[in-house]
Asks: 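Following this message is one structure expressed as structure tokens.
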There are 2 protein chains.
Amino acid sequence: MPEGAKAQRVYLSLREDISNGVYTLGQNLPGEVKLASVFEVSRVTVRRALHALCADGLVERRAGSGNVVCNSPSLNAPVAMNFNTLMPQVAEMGRNTTAKLLSFTYNKAPDYIAQAMGLATGDPVQIATRVRLTDDQPFSHLTTYVPQAIATSYSENDLANTPLFTLLERSGVTIAQASQSVSATLASPSVADALDVQVGSALLSLQRLVCDDKGRGVEYLVARYRPDLFTIDMTLARVGEESNRYWEPTIARDTAANKKSVSA
Amino acid sequence: MPEGAKAQRVYLSLREDISNGVYTLGQNLPGEVKLASVFEVSRVTVRRALHALCADGLVERRAGSGNVVCNSPSLNAPVAMNFNTLMPQVAEMGRNTTAKLLSFTYNKAPDYIAQAMGLATGDPVQIATRVRLTDDQPFSHLTTYVPQAIATSYSENDLANTPLFTLLERSGVTIAQASQSVSATLASPSVADALDVQVGSALLSLQRLVCDDKGRGVEYLVARYRPDLFTIDMTLARVGEESNRYWEPTIARDTAANKKSVSA
DNA sequence: CGCACTTGTATGGTTTGTAATACCGGTTTA
DNA sequence: TAAACCGGTATTACAAACCATACAAGTGCG
């Protein structure tokens, strides 16, 4: 298997560091030879990455002096969706953002999904892939799996305009519980294309299983988010006495105050 | 800029499709020539990708017959730490895992951290970098920033053995609130080395600001987690009536039951 | 100035990924 | 059985990416 372009890895890594505040706007960045030894590549490769950063307007190259950071991408970014209990804000977002339906089929679900939802292997599910945009910028790539019996109660058109929760609850499903798991993955070509990022970028990954009051799975979500446009924020309060102190999530509908405290 | 290995793109794309249910377990996958034309690469390139998939145990290659899907990824994942309210389980983990102190200095904090903690730019903070391992596998890379006045109440040795929360509360600090932000980043050379992953791998990223009862920042955490060994899990319950339904986090100390439902 | 450091440029050679083509052998189906 | 498809293998060729090196030129500082 090919190793994957090294120059691109250097480029992405440096871009990360800049947007994460490792290198601030003043006069910084290690020298080319230093970077080359850190990344264990040749200086030519480092230069390719630096040229790309320069073309992006992130660094300015000064012969004899060094490379200075002259802009930060995510600083003035239209950041971010934020949520505490995750779901409610997603529902609210449904009104402020646009969605695009990429694919829509009925098929049997992958085993691990069928198993998690409590379906027999081979049961048909509706598989829909959507992309959500804010200000014409795609920030999330969602693939949902819904048992066919439930899914037939709404149309392909509904899906493009209305959040799935609303559709499900309108269909008479009583949503009771959800369990979700957050992780990170690399952008595969298809989602990279849909999210308008480079292949190999880091993406926030979310898997969610939604169950009704009878414990049957009604939705399984596989989501990918652009980390520069989307973060999962939450605030916790320390409660309890003495040796029995523990953390409790703060239920904050209006979390505007938190946005500034922990940037991203 | 290099384009990034084609064979790898085909590999990732196919893997995505398999795990997303586009190709199910039966007898499928288009022929090699068909795939080559779809991806607009040569047949040799497709074959490389298929060989890699075969080595992963995802497809079985049958001469004369075709390629059949024989497994789905993420099934046998060696998952994972899991937590709901994040903090308590971290404290529990402190006893089951080992930690290694990589660096320990007093220095001025980066601008954006000083600002978030409400410090004057230039105020010295203790900067400690630790790696946590489970079964000798490093899974998290933590960098903590603590104001020097507070940090002097415990020793460098304490830090390697005891969770920071315990140390802080033992020092008389009244921890009141925390706000955190979850995202994804690429592995930079230094953390990649510490976490034993390739440079450019995807990592789960967590930033956390902890404040005391007077609203002063007492700890700022920058954490990186290996997505294959660590996920953030949580369960939510749907409560409320009719139009006022919303999600509420389930406070689950014992979340063993959730582990199986949403794998990773 | 002169030294130490930086980026800019040029050269040559090696490695790697990719393409195009041809041929062999197994599988399926008419 | 024979034709049509499939994957397995091999060859040749080309281009891109990468590396190592050396040297020129710009900058900052004592």
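Lettering of chains follows the sequences in order, A, B, ..., and the numbering in each one begins at 1. Predicted, not measured: the structure shown is a model, and the values here were computed from it.
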Asks: On DNA chain C, nearest-nucleotide positions of V33(A) versus A7(B): which is more 5'?
Replies: V33(A)
Asks: Is the phosphate of dA19(C) approached by K6(B) (side-chain N or O, under 4.0 Å from OP1 or OP2)?
Replies: yes
Asks: In whole Å, what is the span from the CD atom of E32(B) to the P atom of dA19(C)?
Replies: 14 Å
Asks: For the pair made of CZ in R61(A) and C1' in dC5(C), what is the distance, rounded to whole Å?
Replies: 15 Å
Asks: Round to the nearest Å and state the distance from L29(B) atom CG to dG7(D) atom P.
Replies: 9 Å
Asks: Looking only at the side chain of S42(A) (C-beta and beyond, no hydrogens), which of the listed nucleotides dG17(C), dG8(D), dA20(D) gets closest?
Replies: dA20(D)
Asks: Minimum heavy-atom separation for A187(B) and S13(A), please, with both atom names.
Replies: O-OG, 4.3 Å
Asks: Taking R47(B) for the side chain and E32(B) for the main chain, is one N or O donor matched with an acceptor at less than 3.5 Å?
Replies: no
Asks: What pair of heavy atoms forms the shortest contact from A194(B) to V131(B), and how long is it?
Replies: CB-CG2, 3.8 Å
Asks: With a 4.5 Å cut-off on side-chain heavy atoms, are Y145(B) and L119(B) touching?
Replies: no
Asks: Taking D193(B) for its side chain and S190(B) for its backbone only, find out whether a donor-acceptor pair lies under 3.5 Å.
Replies: no
Asks: Return the angle between end axes of the helix from dC1(C)-dG30(D) to dA30(C)-dT1(D), with five pairs used per end and rounding to 10°.
Replies: 30°
Asks: Rounded to the Å, how far apart are H51(A) NE2 and dG8(C) C1'?
Replies: 8 Å
Asks: Which atom names give the shortest non-hydrogen contact between L204(A) and A184(B), and what distance separates them?
Replies: N-CB, 3.6 Å
Asks: Just the rounded figure in Å: distance from C1' of dA16(D) to CD of Q8(A).
Replies: 14 Å
Asks: Between atom CG in L50(B) and atom P in dT18(C), what is the gap in whole Å?
Replies: 14 Å
Asks: Taking only side-chain N and O atoms of T45(A), does any of them lie within less than 4.0 angstrom of OP1 or OP2 on dC19(D)?
Replies: yes
Asks: Closest approach to the side chain of R47(A), judged atom by atom: which nucleotide of dC18(D), dT9(C), dG7(D) is it?
Replies: dT9(C)
Asks: What are the two closest non-hydrogen atoms of A49(A) and A7(A), and how far apart are they?
Replies: CB-O, 3.6 Å
Asks: Looking at Q198(B), I'd like to know if its CD atom is crowded, meaning that more than 12 non-hydrogen atoms belonging to other residues, nucleotides or ligands lie closer than 6.0 Å.
Replies: no
Asks: Quick one, give me the B/S/- string for nucleotides 21-30 of chain D, reading 5' to 3', where B means a protein heavy atom under 4.0 Å from the base and S means that only happens at the primed atoms, P, OP1 or OP2.
Replies: -B---BS---
Asks: If only side-chain N and O atoms of N67(A) are considered, is one of them under 4.0 Å from the OP1 or OP2 phosphate oxygen of dT7(C)?
Replies: yes
Asks: To the nearest Å, how far apart are E60(B) CD and dG7(D) P?
Replies: 13 Å
Asks: Is the phosphate of dC18(D) approached by R48(A) (side-chain N or O, under 4.0 Å from OP1 or OP2)?
Replies: yes
Asks: Any non-hydrogen side-chain atom of I232(A) less than 4.5 Å from a side-chain atom of S181(B)?
Replies: no
